[in-house]
Amino acid sequence: MLVRFVASSRLPTEWGDFLMHGFEDPASNKEHVVLTMGDFDNGEPVLSRIHSECLTGDALFSLRCDCGNQLRTALQAIAEEGRGALFYLRQEGRGIGLLNKIKAYRLQDAGADTVEANERLGFGADMRDYSLLGPMFAHLGITSVDLMTNNPRKVMALSDLGIEVRQRLPIETSSNPHNEKYLRTKGAKLGHMFRAD
Ligand SMILES: Nc1nc2c(ncn2[C@@H]2O[C@H](COP(=O)(O)OP(=O)(O)OP(=O)(O)O)[C@@H](O)[C@H]2O)c(=O)[nH]1
Ligand SMILES: [Zn+2]
């Protein structure tokens, strides 16, 4: 069964007023949200961010990753533009879930990198599936985007869904002593691009 739209409401934030659209995903039993600002009727590319849930970084102020910063940066950029969409996908831990991410962090505390830790737990390096986005884009009437990401897999996934990515906009990453290795591994093993190209 496909992802299905359920309801929308206003969501005021410190950067401005968004609309929040809720979707249910019967295949995974997850609930996803999209925050939008502005009108998409004219078909112009929509400034967009596909954000994967990170409870520790988005809500608990963790310095182990850069997710919280990227979330804030993306919402601020959309508000400044007055038009855009932030897809908040419940793909915690690159799709392995929160408790498995804690197990992966424990292995990283003992020296593994983020990819090795996933593999030792019997998972692929990145278990995310972006096909759920198709019905969400269709519901919102978005066919073309300027995508804020450093992850080439997201660009490919949208192209596969028939969404035009007019340009990839690199998204700020904030390095600190706790996430340096994590950022290095993303560049070396997961293909993340940390400069515009
Ligand atoms: N399994 C696992 N997941 C992690 C780890 N650190 C962060 N995550 C998850 O990774 C996801 C974010 O993915 P990232 O690789 O940081 O970035 P991205 O979304 O692929 O790419 P950008 O669009 O450039 O941010 C979130 O779901 C986090 O919960 C880790 O050490 N292990
Ligand atoms: Zn994170």
Side-chain angles (χ1 to χ4, degrees), residues 25 28 30-35 46-78 84-133 145-160 163 165 167-197:
D25 182 358
S28 63
K30 299 277 187 196
E31 299 168 324
H32 309 285
V33 295
V34 187
L35 302 191
V46 175
L47 180 62
S48 299
R49 163 92 183 138
I50 313 291
H51 193 85
S52 301
E53 177 178 21
C54 177
L55 182 83
T56 45
D58 296 339
L60 299 178
F61 317 104
S62 169
L63 294 177
R64 290 191 81 132
C65 60
D66 53 350
C67 303
N69 258 313
Q70 292 185 325
L71 182 58
R72 278 188 294 278
T73 302
L75 288 174
Q76 191 174 2
I78 290 168
L86 180 127
F87 294 76
Y88 192 92
L89 302 183
R90 312 297 296 281
Q91 304 171 316
E92 175 61 69
R94 300 196 190 106
I96 67 174
L98 178 61
L99 300 183
N100 285 319
K101 186 173 84 169
I102 296 173
K103 291 181 188 170
Y105 276 170
R106 189 178 162 81
L107 291 171
Q108 290 171 55
D109 289 343
D113 70 32
T114 170
V115 170
E116 290 161 351
N118 259 34
E119 286 167 355
R120 269 185 228 169
L121 292 169
F123 298 111
D126 189 342
M127 305 289 285
R128 285 173 288 184
D129 172 9
Y130 298 103
S131 61
L132 78 165
L133 285 166
V145 295
D146 288 338
L147 191 66
M148 291 180 271
T149 186
N150 303 321
N151 184 346
R153 288 188 199 200
K154 291 182 179 173
V155 176
M156 280 186 284
L158 289 191
S159 303
D160 288 348
I163 306 294
V165 181
Q167 53 177 334
R168 181 186 74 83
L169 303 170
I171 183 151
E172 170 199 325
T173 51
S174 44
S175 170
N176 69 59
H178 306 283
N179 72 9
E180 263 169 15
K181 181 174 177 190
Y182 163 83
L183 293 175
R184 251 199 331 272
T185 306
K186 286 211 293 191
K189 290 194 173 178
L190 293 170
H192 283 235
M193 302 175 281
F194 291 114
R195 277 171 291 112
D197 50 15

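Each ligand, and each atom within it, is numbered from 1 in the order the structure gives. Please read all numbers here as calculations on a predicted model, not as lab measurements.
- Every residue two or more places apart in sequence or in another chain was checked for a side-chain hydrogen bond (donor to acceptor under 3.5 Å, both in side chains) with Asn151, and none qualifies.
- We find the CZ-CG distance between Phe123 and Asn100 to be 3.5 Å, quoted to the nearest 0.5 Å.
- For the atom pair Leu89 CG and Glu53 CD, the distance stands at 9.5 Å (nearest 0.5 Å).
- The closest side-chain donor-acceptor pair between Thr56 and Arg64, if any, does not fall under 3.5 angstrom.
- Atom CG of residue Leu133 and atom NE2 of residue His32 lie 8.5 Å apart, to the nearest 0.5 angstrom.
- Protein residues with a heavy atom under 4.0 Å from ligand 1 are Arg49, Ser52, Glu53, Cys54, Gln70, Gln91, Glu92, Gly93, Arg94, Ile96, Lys101, Tyr105, Gln108, Thr114, Asn118, Arg128, Thr149, Asn150, Asn151, Lys154, Tyr182, Lys186, His192.
- With sequence neighbours excluded, the residues forming a side chain to side chain contact (heavy atoms under 4.5 Å, CB included) with Ile102 are Leu98, Leu99, listed by chain and number.
- Here the Zn ion (ligand 2) has protein N, O or S atoms under 2.8 Å from it, and they come to 3.
- To the nearest 0.5 Å, atom CE of residue Met148 and atom CG of residue Leu86 are 7.0 Å apart.
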Problem - Evaluation steps, side chain to side chain donor-acceptor pair (under 3.5 Å), between Thr114 and Arg94 - result: CA-CA 11 Å; Thr114 170; Arg94 300 196 190 106; 2.9 Å; yes
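- One distance of note links OG of Ser52 with CD of Glu92; it measures 9.0 Å at 0.5 Å rounding.
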